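Single-structure report; data block below.
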Amino acid sequence: MHHDIIMAGFGGQGILMIGNLLAVGALRRGYRVTFFPAYGVEMRGGTANCTVTISDREIGSPVTARPLGLVAMNEPSVVKFGPRVRAGGVVVVNASIVPEGVLDREDVRVVRVPCNDVAADLGDPRLASMVALGAYVAASGVLPVDAVAEVLPEVLPEKVHRLIPLNQKALEAGADRAGA
Amino acid sequence: MSESKVTFEKGNVALAKAAVAAGCRYYFGYPITPQSDIPEYLSGVLPRIGGQFVQAESEVASINMLLGAGATGKRAMTSSSSPGISLKQEGISYMAGSEIPAVIVNVQRSGPGLGGIAPSQGDYFQATRGGGHGDYRVIVLAPASVQEMYDLTVLAFELADAYRTPVMVLADAMIGMMKEPLEEWVPQNPEPAKDDWAATGAAGRPGRRIKSLYLGDGELAEHNWKLAQKYERIRREETRVQIELPEGCELAVVAFGSAARIAKSAVDRLNDEGRRVGYVRPITLWPFPEEAIRRVAEQGVPLLTVELNTGQMVEDVRLAVEGRAPVHFAGYPPGYLPSPDDIYDEIVRRLPAGKEAA
Amino acid sequence: MKPVFVRPQSLTDKPFHFCPGCHHGVIHRLVAEAIDRFGVRERTIAAASVGCSVFLYDYFDIDVVESPHGRAPAVATGIKRTNPDKFVFIYQGDGDLAAIGTAEIIHAANRGENLTVVFVNNTVYGMTGGQMAPTTLLGQPTTTSPYGREFGQDGYPIKMTEMLAQLEGVGFAARVAVDTPARLAQARKAVFRAFETQLEEKGMGFVEILSSCPTNWGMKPLEAVRRIEREMIPYFPLGVYKERKGSDAL
Ligand SMILES: Cc1ncc(C[n+]2csc(CCOP(=O)(O)OP(=O)(O)O)c2C)c(N)n1
């Protein structure tokens, strides 16, 4: 198993958080993992992205030109990274703000989830990225959704631990949408 | 299930934790991207464990604070990134000359000049040639993973004390900013006693000088030869390299640090496809593993050096090989971080023809 | 018979190499007397600077760490922060302290480092052959201001004691001279105060000592001594510029 995925969106959408969750989830299930964030100037420019690699053997590069998966929380991310996804990969697109037709590919599975709307229904728009992560995990099968939910206490800062049940719901809601 | 002591850590933080584990209680620095996690972490920890964290007014000041601390035998460190390391060269030269142990971390960004904050290996020459004025060397350790940020930092403190010399951990933005599993361990080697040389106050003995100035007839030559002998000992005892050479190796990639990580993916992929590609990763950049590389070349294996610059370590590879085998180069100056695919193509281009894998 | 002239214990018996009429030797003795007086020899670590006083470590029988030009306040910060129980002093010339090392001295002072600073102002770069220093007086010729220092070209001579006295981190700041027996006595007092300031943990104890450099001034020793009173003191007034009193610790 060797799975690399790029997660991208606006700064403040929680991109680095879901990248960490996926990575730690995989780590706790016994996989090798790497996480590489874009940082500094690029981040202040308003976009954030990270690459997560999950493997059952030693990982070389923490960066990739052609990921197997993509979570794109905004349109620029779909435009920039969508064409790079390997054939057979999974792309989760935040349908709440990315119009249809931005990524025109037959050879990848595009899963459109209205993440902002699902999050708003759950009562907190900040959960949008969590919805996307749930959708990605379910659609790609890279890990059971549980594996990610289980590490919420480890990855989320102490001060938001009371929101863990809500985050868990968001993951599940995303997973449900992906299954549909 | 999260019983293991493995945490998921950023390279810079792993390095800072290693310093604390190694018994370093004193840090002197000046902020610069992409290494600020190190002072940020240590400013929280050191004051609580009886140490000192000083944010100096400049890199020039911080390296000299390190000089002062090191001269009294205390385990201390500074960290910076490329432009700041240039400013520290004065102090590094003085510490080499005065034989003061110290650990200096360079999380390389890109140059020349203000350059940028992208990963780069542009400081290879500066690090491995001493960097400042005078005839000296600095031990240079090149971590290629978050775990190695920890392991090699512990080693850096041990080597600095063992040889009374400044040691540099030469990382870069990629290794510093990435996260990987980290297993922290407690170093067992006790910190050597330093009261036979350090400035500790001349209690019951004559005063000591920790210095680099030698004006007497022949004194400086003698001092330089003494340093040279120490460097020779370091060459013999402390050269470190990771080598994976398959039977019937067709070509070996030579790379360090982040470039080695990216190259490793390409090498693994080719070997999965049935090619036989070797992997040589210098862990000490000075001393450079020239013996090991010469032995690879003696088997007639062509070498491809991959660096995040326009060609620096490749010169050392050529010196080691001395014409025994072809030495190719693939370089990536900052601003474009190569992917494993890029390096895959570079390797394939150089593989002996007509031996395509089944 | 009681000896009139006793060599301070913390000096080695190596004779000073300084030029005739140079005040570095006198100032070395003052510092050594202070070390003896406060009984700190066995816990003293000095940071030597670069200049004519670079050989400080040959004359003092104490632990000395050499510093790059101008960086002694930073080196001393490193020593003191990691060894708060030690007594740490630095000894710098005007090129060292007021030109290349301006940032280091100001920030060490501003951090309130518990250090004792002996600043020897001889208005020239002595060691390198009499070039212009930041303290060179207006009109004073040097090898790099052959027509005399001129404001439009080189700015005014810098008054370090006045500047540093402004900083909260400084516990004691004074300017003294050693050109007459009376002033020498005052200078000794000031050096002692600068030692006490550190021992009482009141921040930086700073003493500027106006000093002669007959060789680079192109003067006979006596002439040079007279110049201190005639030219230097009017521009660099003597006195205590700051003294943190009693228990108002830093
Ligand atoms: C980086 C650096 N630049 C220049 C020098 C040369 N240098 C040695 S001493 C000195 C000036 C010394 O003058 P001062 O500090 O006034 O002390 P003095 O010799 O007058 O006692 C200079 C410029 C040096 N050693 N290092």
Side-chain angles (χ1 to χ4, degrees), chain B residues 24-28 30 46-47 50-76 78 88-95 97-98 100 102 132-133 197-216, chain C residues 9-12 14 17 32 35 40-50 54-88 90 100-111 113 115 127:
Chain B
C24 168
R25 292 291 175 274
Y26 307 104
Y27 176 93
F28 310 95
Y30 188 83
L46 291 179
Q52 283 276 330
F53 171 89
V54 182
Q55 179 169 322
E57 65 274 20
S58 69
E59 288 86 354
V60 175
S62 60
I63 193 74
N64 285 291
M65 291 177 185
L66 182 65
L67 185 158
T72 70
K74 296 287 170 27
R75 277 197 172 162
T78 187
K88 289 185 193 290
Q89 293 304 335
E90 173 191 66
I92 297 173
S93 165
Y94 275 72
M95 286 191 283
S98 305
I100 294 173
H133 64 283
W197 64 265
T200 54
R205 58 161 172 79
R208 273 182 192 144
R209 311 117 180 230
I210 311 288
K211 61 159 187 141
S212 62
L213 179 69
Y214 293 92
L215 293 182
Chain C
Q9 276 182 345
S10 44
L11 286 185
T12 61
K14 186 166 174 138
H17 71 283
I35 295 173
V40 292
R41 179 194 162 267
E42 301 214 327
R43 59 186 185 97
T44 292
I45 305 175
S49 59
V50 179
V54 70
F55 293 116
L56 186 107
Y57 44 66
D58 282 344
Y59 306 124
F60 283 85
D61 182 23
I62 56 169
D63 282 4
V64 182
V65 179
E66 166 197 282
S67 318
H69 195 21
R71 317 297 178 221
V75 171
T77 297
I79 296 172
K80 186 72 180 183
R81 290 292 188 112
T82 58
N83 300 272
D85 55 322
K86 297 290 191 272
F87 183 85
V88 181
I90 54 186
I100 194 168
T102 320
E104 283 77 7
I105 190 63
I106 286 181
H107 287 277
N110 193 50
R111 286 189 302 265
E113 301 293 349
L115 301 170
M127 184 185 226

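Keep in mind that this is a model prediction, so the values were computed, not measured. Just so it is clear: chains get the letters A, B, ... in the order the sequence lines come, proteins before strands, and each one is counted from 1.
- Contact annotation for B:Ser93: neither backbone nor side-chain heavy atoms come within less than 4.5 Å of a heavy atom of chain C.
- Between C:Val65 and B:Ala199, the shortest heavy-atom contact is CG2-CB, 3.9 Å.
- Both the backbone and the side chain of B:Lys211 come within contact range of chain C, judged by heavy atoms closer than 4.5 Å.
- Taking each heavy atom of B:Ala202 and C:Asp63 in turn, the nearest pair found is CB-OD1, 3.9 Å.
- Here the shortest heavy-atom pairing between B:Ala61 and C:Ala74 reads O-CB, 3.4 Å.
- Using a 4.5 Å heavy-atom threshold, the side chains of C:Tyr57 and B:Leu213 count as touching.
- A 6.0 Å sphere centred on CD of B:Gln55 holds more than 12 heavy atoms belonging to other residues, nucleotides or ligands.
- C:Thr82 has its side chain within reach of B:Phe28: a pair of non-hydrogen atoms, C-beta onward, lies under 4.5 Å apart.
- The side-chain heavy atoms of C:Pro68 and B:Ile63, taken from C-beta on, include no pair separated by under 4.5 Å.
- The closest donor-acceptor contact from the side chain of C:Asp61 to the backbone of B:Pro206 lies at 3.5 Å or more, if one exists at all.
- Within the 4.5 angstrom heavy-atom criterion, only backbone atoms of B:Ala198 (N, CA, C, O) approach chain C.
- At a 4.5 Å heavy-atom cutoff, C:Phe87 makes no contact with chain B through either its backbone or its side chain.
- For the set B:Leu66, B:Val54, B:Ile100, the count of heavy-atom pairs under 4.5 angstrom toward chain C peaks at B:Val54.
- Neither the backbone nor the side chain of B:Ser62 comes within contact range of chain C; no heavy atom of the residue lies under 4.5 Å from a heavy atom of that chain.
- Contacts between C:Val54 and chain B at a heavy-atom distance below 4.5 Å involve the side chain alone, from C-beta outward.
- By the side chain to side chain donor-acceptor pair (under 3.5 Å) test, B:Glu90 is found to be paired with C:Arg71, residues two or more places apart in sequence or in another chain being considered.
- When side chains are defined from C-beta on, C:Ser67 does not count as touching B:Asn64, because their heavy atoms never get closer than 4.5 Å.
- The CG atom of B:Leu67 lies 12.0 Å from the OG1 atom of C:Thr77; values are rounded to the nearest 0.5 Å.
- Contact residues of residues 100-110 of chain C toward chain B are C:Ala103, C:Glu104, C:His107 (heavy-atom distance under 4.5 Å).
- In terms of heavy-atom pairs under 4.5 angstrom with chain B, the leader among C:Arg43, C:Arg41, C:Glu66 is C:Glu66.
- Contact tally against chain B (heavy-atom pairs below 4.5 Å) for C:Val40, C:Val88, C:Ile45: the top residue is C:Ile45.
- Counting heavy atoms from C-beta on, the side chains of B:Arg209 and C:Asp58 come closer than 4.5 Å.
- The shortest distance between side-chain heavy atoms of B:Tyr26 and C:Arg81 does not fall below 4.5 Å.
- Heavy atoms closer than 4.5 Å to chain C are found in the side chain of B:Leu215, but not in its backbone.
- Neither the backbone nor the side chain of B:Arg25 comes within contact range of chain C; no heavy atom of the residue lies under 4.5 Å from a heavy atom of that chain.
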